[in-house]
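Numbers restart at 1 for each chain; the letters A, B, ... are given by sequence-line order, proteins then strands.
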Protein chains: 2
Amino acid sequence: MSTRRNSKANKNQPTMHDVARVAGVSQMTVSRVMRGAGYISRTVREQVNNAAREIGYVHNRLAGGISSYDNPLVGVVLPTLQNRVFTEVLSGINETLNTAGLRPVFGVSEYSQSAEEELVFDLLSWRPRGLILPGLEHNESVRRIVEQTGVRVAEIMDVDGEPMTASFGVSHVDAGREMATHLLERGYRTFGYIASQGGHDLRATKRFEAFASQVRDAGGQLIAQRMSNEPSSMVAGRQLTMEVLAHPDRPDAIYYANDDLAAGGLMHCLSHGVDVPGQVAIAGFNGLGFLSALPMKITTTQTPRYEIGVSAAEWISTPLDSPAEKLIERLETEILFGETT
Amino acid sequence: MSTRRNSKANKNQPTMHDVARVAGVSQMTVSRVMRGAGYISRTVREQVNNAAREIGYVHNRLAGGISSYDNPLVGVVLPTLQNRVFTEVLSGINETLNTAGLRPVFGVSEYSQSAEEELVFDLLSWRPRGLILPGLEHNESVRRIVEQTGVRVAEIMDVDGEPMTASFGVSHVDAGREMATHLLERGYRTFGYIASQGGHDLRATKRFEAFASQVRDAGGQLIAQRMSNEPSSMVAGRQLTMEVLAHPDRPDAIYYANDDLAAGGLMHCLSHGVDVPGQVAIAGFNGLGFLSALPMKITTTQTPRYEIGVSAAEWISTPLDSPAEKLIERLETEILFGETT
DNA sequence: CTGAAAGCGCTAACAT
DNA sequence: ATGTTAGCGCTTTCAG
């Protein structure tokens with residue numbers, strides 16, 4: 001006769017009861033062995049594990065989560081997968097969660113707040129132990145449901161603003177200002193700015209605004225700006241740089257929203273005999289690893305991307321005891337002085 | 001009085017019962033509205049949705065999954081997040097699943113079969129609708145549990161072998177052979193090979209073996225091989241190329257395990273006045289977008305990374321009706337003839 | 001079109 | 001160190 005108790009034709013997967021029957025113990029004992037909870041004698045544990053292996057039992061956490069409320073899932077939202085920056089953050093998140101026995105469930109918002117909203121509801125339906133969201137800007141609906149459900153949220157990448165509960169990132173305002181200061185000190189007076197993502201990257205915007213205001217305060221001028229609607233890439237940077245330099249009124253220096261764009265700019269200059277930094281200086285943002293393989297070291301701001309992922313994931317992993325106190329974890333950036341400025 | 005029924009202090013989240021009470025309908029009706037199942041009158045649907053919004057109810061899919069056996073999660077395993085190739089595949093997977101209302105839960109195996117095994121068990125504990133695994137090589141334990149649970153598995157990247165149920169990818173054997181043929185036709189006779197990941201990238205190994213055997217068959221020679229244990233990167237490629245070219249017996253051409261390494265090699269040559277392809281030819285693999293921003297077009301094999309993700313995810317999304325028939329979906333590669341060969 | 005009853009597979013809480 | 005009992009929040013099934 002069949003040993004299955006499942007009335008539905010649907011599935012025929014073994015349950016803890018089946019394991020218990022084979023191992024000759026109670027179902028509760030199987031549960032304890034599976035979770036590594038409570039004290040179980042060596043012999044029983046082995047019987048149970050063998051029985052489980054034999055019949056191909058896999059722990060069912062859906063059922064577990066529903067009764068325990070302690071669910072090892074973490075919802076992760078990223079703005080894009082097209083940019084190394086976020087996959088490095090994801091890498092930090094994933095490794096840290098993995099170590100803590102937690103698992104990421106994730107979605108990509110494509111820099112859209114309404115897509116983010118949908119994602120947040122969807123992720124919340126898995127009753128995650130926490131949520132990791134990009135940036136500090138979210139729509140009202142997201143704020144409301146976060147408040148109502150009381151889910152722990154780590155807002156990452158940015159610390160220039162008020163987090164819902166905790167933020168982990170860098171100050172883009174300071175980074176933009178510092179780069180402006182550096183370029184001004186070097187004697188550059190007229191500037192270009194090249195960005196991508198059609199302005200949806202709010203952190204790039206923060207950097208740029210701080211950069212621009214610092215430039216103006218020092219009597220410098222912003223004389224060229226180009227923005228692509230595409231995701232950032234070397235190809236886009238190369239194209240936009242060509243456009244900026246084609247103009248009769250060339251800037252002394254170009255600030256790029258990130259390293260990919262800056263590297264593309266450098267490639268344009270190298271291919272067209274434009275002297276860097278003699279005719280035009282180049283500055284990027286992030287300090288991506290591939291820069292050090294380029295023919296010239298690009299000046300950029302080093303950001304701790306992996307570490308941002310790690311610190312956010314660690315906070316989510318921590319057994320919550322701290323009350324509602326807000327946490328702002330600011331990680332530091334640093335200008336890498338290259339040969340392009 | 002409190003409207004909560006939850007005896008545990010644990011959580012105090014509203015349930016369908018709470019929504020039902022507020023909306024003045026039965027809990028079952030709420031369930032139908034949430035899932036968009038069955039026929040619900042317009043009025044009732046709106047009442048329910050309003051009530052849900054008002055009290056901040058979020059659908060609980062853990063509870064749903066346990067009774068319905070139809071779970072919108074898909075387990076995804078990637079070998080690494082350090083390589084654009086896989087984040088592009090992930091991008092295709094994610095977008096496709098998203099469209100189908102499915103959600104990825106994922107883990108990274110770091111090219112280790114035992115890490116993969118752990119991951120597979122962990123992912124299976126969420127009773128996913130399917131699994132996406134890299135490559136065709138898996139350990140016995142993975143094969144057993146896949147068979148026992150009957151979970152749908154899409155093996156991606158590679159079609160040179162027998163899948164458990166379905167594979168989506170390219171032929172690395174053919175790709176390696178084709179590149180060898182191309183280089184031989186160009187007149188190159190002595191070859192170098194540069195790789196990374198310490199040989200754990202089994203697909204790179206398949207390419208290389210096909211490449212090497214083709215070279216030997218044509219009377220060519222493989223005179224230099226370097227392999228880094230690091231993840232692949234331009235920096236590693238630059239370094240290894242320097243090492244290969246420092247040797248008195250220089251190869252006519254270097255085949256790289258991928259474009260990052262090849263681009264690093266090109267950068268070395270450009271920076272050191274090594275004539276490409278006059279002194280040494282360069283060939284990569286993948287056709288990553290950034291190649292077109294480099295000063296010289298590198299010859300490479302174009303691979304459909306995003307599409308591999310899409311086709312695997314589509315197969316997982318499809319309501320299963322097809323029997324146990326094996327599926328091998330071979331996507332095509334194509335040599336991009338550049339200026340470096 | 002809507003509702004009531006009966007579980008889904010597991011864990012918490014309380015025995016023993 | 002192990003077992004019993006009573007749900008967790010939802011969906012299935014069967015009524016109406």
Side-chain angles (χ1 to χ4, degrees), chain A residues 3-21 23-48 51-52 55-72 124-127 149, chain B residues 3-21 23-48 51-52 55-72 124-127 149:
Chain A
T3 45
R4 282 297 95 71
R5 81 274 71 114
N6 199 329
S7 58
K8 311 194 177 64
N10 235 322
K11 278 288 168 186
N12 220 28
Q13 303 269 20
T15 70
M16 284 188 175
H17 264 111
D18 301 315
V19 178
R21 197 173 309 132
V25 299
S26 77
Q27 176 265 349
M28 193 59 229
T29 298
V30 177
S31 172
R32 291 197 176 98
V33 172
M34 287 301 163
R35 287 176 292 147
Y39 294 84
I40 303 286
S41 72
R42 237 183 161 305
T43 5
V44 170
R45 190 200 319 285
E46 279 168 12
Q47 276 167 35
V48 169
I55 69 177
Y57 173 76
V58 179
H59 194 183
N60 184 338
R61 304 214 203 206
L62 294 175
I66 197 193
S67 27
S68 80
Y69 286 99
D70 183 20
N71 188 319
L124 247 19
S125 78
W126 298 105
R127 295 295 185 269
T149 58
Chain B
T3 45
R4 281 300 94 70
R5 81 272 72 112
N6 199 328
S7 59
K8 309 192 179 63
N10 234 323
K11 279 288 169 184
N12 220 27
Q13 302 270 16
T15 69
M16 284 188 177
H17 264 112
D18 301 314
V19 177
R21 199 173 307 132
V25 298
S26 77
Q27 175 265 348
M28 193 56 230
T29 298
V30 177
S31 171
R32 291 198 176 99
V33 172
M34 288 300 163
R35 287 176 293 145
Y39 295 84
I40 302 286
S41 72
R42 236 184 162 304
T43 3
V44 171
R45 191 202 316 287
E46 279 169 13
Q47 277 167 33
V48 169
I55 68 177
Y57 173 76
V58 179
H59 194 184
N60 184 337
R61 306 213 201 207
L62 294 176
I66 195 193
S67 25
S68 82
Y69 285 100
D70 182 21
N71 188 319
L124 247 20
S125 77
W126 299 105
R127 296 295 185 268
T149 59

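- Whole-Å rounding puts the Asp70(A) CG to dA13(C) C1' distance at 16 Å.
- The side chain of Ser41(A) has dA1(D) as its nearest neighbour among dG9(D), dA1(D), dG9(C).
- If you measure from atom CE of Met28(B) to atom C1' of dA4(C), you get 10 Å, rounded to the nearest angstrom.
- No side-chain heavy atom of Met34(B) sits under 4.5 Å from any side-chain heavy atom of Ser31(B).
- A donor and an acceptor atom never sit less than 3.5 Å apart when one is taken from the side chain of Arg61(B) and the other from the base of dG9(D).
- Atom C1' of nucleotide dG7(D) and atom CD1 of Ile66(B) are separated by 11 Å, given to the nearest angstrom.
- A close approach under 4.0 Å does occur between a side-chain nitrogen or oxygen of Arg35(A) and OP1 or OP2 of dA12(C).
- Distance from the side chain of Thr15(B) is smallest for dC10(D) among the nucleotides dC10(D), dA5(C), dT11(C).
- Annotation: side-chain contact (heavy atoms from CB on, under 4.5 Å) contacts of Asn71(A) (sequence neighbours excluded): Leu73(A), Arg127(A), Leu62(B), Trp126(B).
- Rounded to an integer number of Å, the gap from Met16(A) CE to dT4(D) C1' is 16 Å.
- One interatomic measurement links the two molecules: CH2 of Trp126(A) to P of dG9(D), which rounds to 17 Å at whole-angstrom precision.
- When the nucleotides dG7(D), dT11(D), dT2(C) are ranked by their closest atom to the side chain of Ile40(B), dT2(C) comes out on top.
- Residue Thr29(A) places none of its side-chain N or O atoms closer than 4.0 Å to OP1 or OP2 of dT2(D).
- Side-chain contact between His59(A) and Arg35(A) is present, with heavy atoms from C-beta onward closer than 4.5 Å.
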Ignoring hydrogens and angles, write down the donor-acceptor pairs under 3.5 Å from the side chains of residues 36-43 of chain A, residues two or more places apart or on other chains.
residue: Ser41(A); atom: OG; partner: Val44(A); partner atom: N; Å: 3.3
residue: Arg42(A); atom: NH1; partner: Glu46(A); partner atom: OE2; Å: 2.5

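- Ala63(A) and Ile66(B) make their closest contact through CB-CD1, 3.5 Å (heavy atoms, listed as atom of the first residue, atom of the second, distance).
- Which of dC8(C), dT11(D), dC10(C) sits closest to the side chain of His59(B) comes down to dT11(D).
- Straight-line distance from the CG atom of Leu62(B) to the C1' atom of dT11(C): 13 Å, rounded to whole Å.
- Listed candidates were dA4(C), dC1(C), dT4(D). Nearest to the side chain of Ser26(A) is dT4(D).
- Atom pair Met34(B):CE and dT11(D):C1' shows a separation of 14 Å (rounding to whole Å applied).
- Side-chain proximity of Ala63(B) to dC10(D), dG9(C), dT2(C): nearest is dC10(D).
- Considering only side-chain N and O atoms, Arg32(A) lies nowhere under 4.0 angstrom from the phosphate OP1 or OP2 of dA1(D).
- Considering only side-chain N and O atoms, Ser31(B) lies under 4.0 angstrom from the phosphate OP1 or OP2 of dT11(D).
- Atom CZ in Arg21(B) sits roughly 12 Å away from atom P in dG9(D) (whole-Å rounding).
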